[in-house]
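Worksheet: one structure, shown below.
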There are 2 protein chains.
Amino acid sequence: MAKSHKTLRTPGLERALDRLEHLCRARGQRLTRQRRAVLSSLLSAGRALSAYELLERLRPEDAKSTPASVYRSLDFLMALGVVHRLESTRSFIACEHPETPHWVQFLICRRCGQVVEAEDERIAAATERLGQRLGFALDQRVVELTGVCEGCRGSAARH
Amino acid sequence: MAKSHKTLRTPGLERALDRLEHLCRARGQRLTRQRRAVLSSLLSAGRALSAYELLERLRPEDAKSTPASVYRSLDFLMALGVVHRLESTRSFIACEHPETPHWVQFLICRRCGQVVEAEDERIAAATERLGQRLGFALDQRVVELTGVCEGCRGSAARH
DNA sequence: GGGTATTTGATACAAAGTATCATTAAGCGG
DNA sequence: CCGCTTAATGATACTTTGTATCAAATACCC
């Protein structure tokens, strides 16, 4: 079987896939074709995709993908920290800062769908503090801020 | 038709329903039997319920409830700010601070399901600031912190 | 109590996510 | 490169969550 499917030679994508390989190796986990494909798809989409949108994009290359298999790959990639789920839009996005294991926040434009991943120290500290104050040992923090991005506010009228 | 179904005379519940009535009146919106029932159910559950759990609790009293009607009531109550949706658990909970129109955060215990609603100034300020820094005019903020509450950490072993 | 706009009921459907178990393949050791 | 073993996938069916549509009912104003 040919080795390079149609891997658009985006350097960012290459780097991300290499990183994925190293992560898997380091943790003794298997890097399968589908896991690679899911991450690639999310990266080249350049936006958040629902699991079923993702499935559609995988189908042309891999006709045997199913919802279950896509969700399994997504779960795997989320456990590695290279993919995040956006709870408020029920969609998935490739992580932009996979090097740092910090907590992230998402800003979502309700007009254009753009998602910006942030890593704000102030928010991280404040949430940790709140958890402590209320006696919670936190292990997951969903911070998703929705609004209208600068571009969308400028260009279109109020609509 | 009898006026008092089985309204357990919890003072908190009474107050909440009165507040709902005032809110509706003030906004010229209709307060229907189902909307009252949905809020009552959520309040007396004392925890977050999925839309379908809620439906089951309504059915004995109101056999004609359907998913659509429950979601419609929930949407209405959320627009008034007296109910919130927990995105990370796909469930709904009655608001504890409906007087103040501030942004709230939720702490969710993954062991016992307890949900604490907080209103942390520090987090509110930090998220607003982040939005400004990145050029977003925010209109919705989902902050859901999941972990293990004090009680659950103390009582059960690590499990 | 009557009129009217809003809400609900009924039905059907779409979208999102999971369980199970037989089959396949990733990655190791030789 | 080859087989071995374990982990992952494929296939299928199903559960949960959420919506569209339109006729019938009802909350609220007068």
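We name chains A, B, ... by the order of the sequence lines, and we start the count at 1 in each one.
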* Does any N or O in the side chain of A:E53 come within less than 3.5 Å of the main-chain N or O of A:S50, such that one atom is a donor and the other an acceptor? -> yes
* Asked: If only side-chain N and O atoms of A:R85 are considered, is one of them under 4.0 Å from the OP1 or OP2 phosphate oxygen of C:dG17?
  -> yes
* Quick one: is C:dA26 close enough that its OP1 or OP2 comes under 4.0 Å of any side-chain N or O from A:R25? -> no
* **Minimum-distance nucleotide to B:P67 side chain [options: C:dT7, D:dC28, D:dT19]** => D:dT19
* Structure fact -> Here the distance between atom P of D:dA7 and atom CG of A:L31, to the nearest Å, is 16 Å
* Asked: Can you check the A:F92 CZ to C:dA16 C1' distance for me, whole Å?
  -> 9 Å
* Identify, between A:K64 and B:S69, the residue whose nearest nucleotide on DNA chain C lies closer to the 5' end. => B:S69
* Structure fact -> Heavy-atom closest pair (A:V70 atom, A:Q34 atom, distance to 0.1 Å) is N-OE1, 4.0 Å
* To do: Take B:E144 and A:R141, measure what side-chain contact (heavy atoms from CB on, under 4.5 Å) needs, and give me the verdict at the end.
  => CA-CA 6 Å; B:E144 295 176 11; A:R141 313 186 198 189; over 6 Å; no
* Classify the nucleic acid contact of B:R72 as base, sugar-phosphate or nothing, counting any heavy atom under 4.0 Å across all strands shown. => base
* Asked: How close or far is atom P of C:dT8 from atom CZ of B:R36, stated in whole angstroms?
  -> 11 Å
* **Side-chain donor-acceptor pair present, A:T146, A:R110, cut-off under 3.5 Å** => no
* Structure fact -> Side-chain atoms of A:S73 come closest, of D:dT6, D:dT9, D:dA27, to D:dT9
* Asked: Is A:D120 salt-bridged to B:R129, going by a charged N under 4.0 Å from an acidic O?
  -> no
* Structure fact -> Nearest-nucleotide check on DNA chain D, B:S91 vs A:A63; residue mapping nearer the 5' end is A:A63
* To do: Report the nucleotide, chosen from D:dT9, C:dG17, D:dT5, that has the shortest atom-to-atom distance to any side-chain atom of A:R90.
  => C:dG17
* Asked: Using a cut-off of less than 4.0 Å, is there contact between a side-chain N or O of A:Y52 and OP1 or OP2 of C:dA16?
  -> no
* Residue closer to the 5' end of DNA chain D, A:D62 versus B:S50 (nearest nucleotide) -> A:D62
* To do: Hey, which sits more toward the 5' end of DNA chain C by its nearest nucleotide, B:A68 or B:Q29?
  => B:Q29
* To do: Output the single nucleotide from C:dG17, C:dA5, D:dT9 whose closest atom is nearest the side chain of B:R30.
  => C:dA5
* Rounded distance in Å - OH (B:Y71) to P (D:dT21) -> 18 Å
* Structure fact -> Separation of C:dA15 atom P from A:E87 atom CD, nearest Å, is 20 Å
* Structure fact -> Atom CD of B:Q34 and atom P of D:dA25 are separated, to the nearest Å, by 16 Å
* Structure fact -> Closest to the side chain of B:T66, out of D:dT9, D:dA8, C:dA10, is C:dA10
* Picking from C:dT7, D:dA8, D:dG10, which would you name as closest to the side chain of A:R35? -> D:dA8
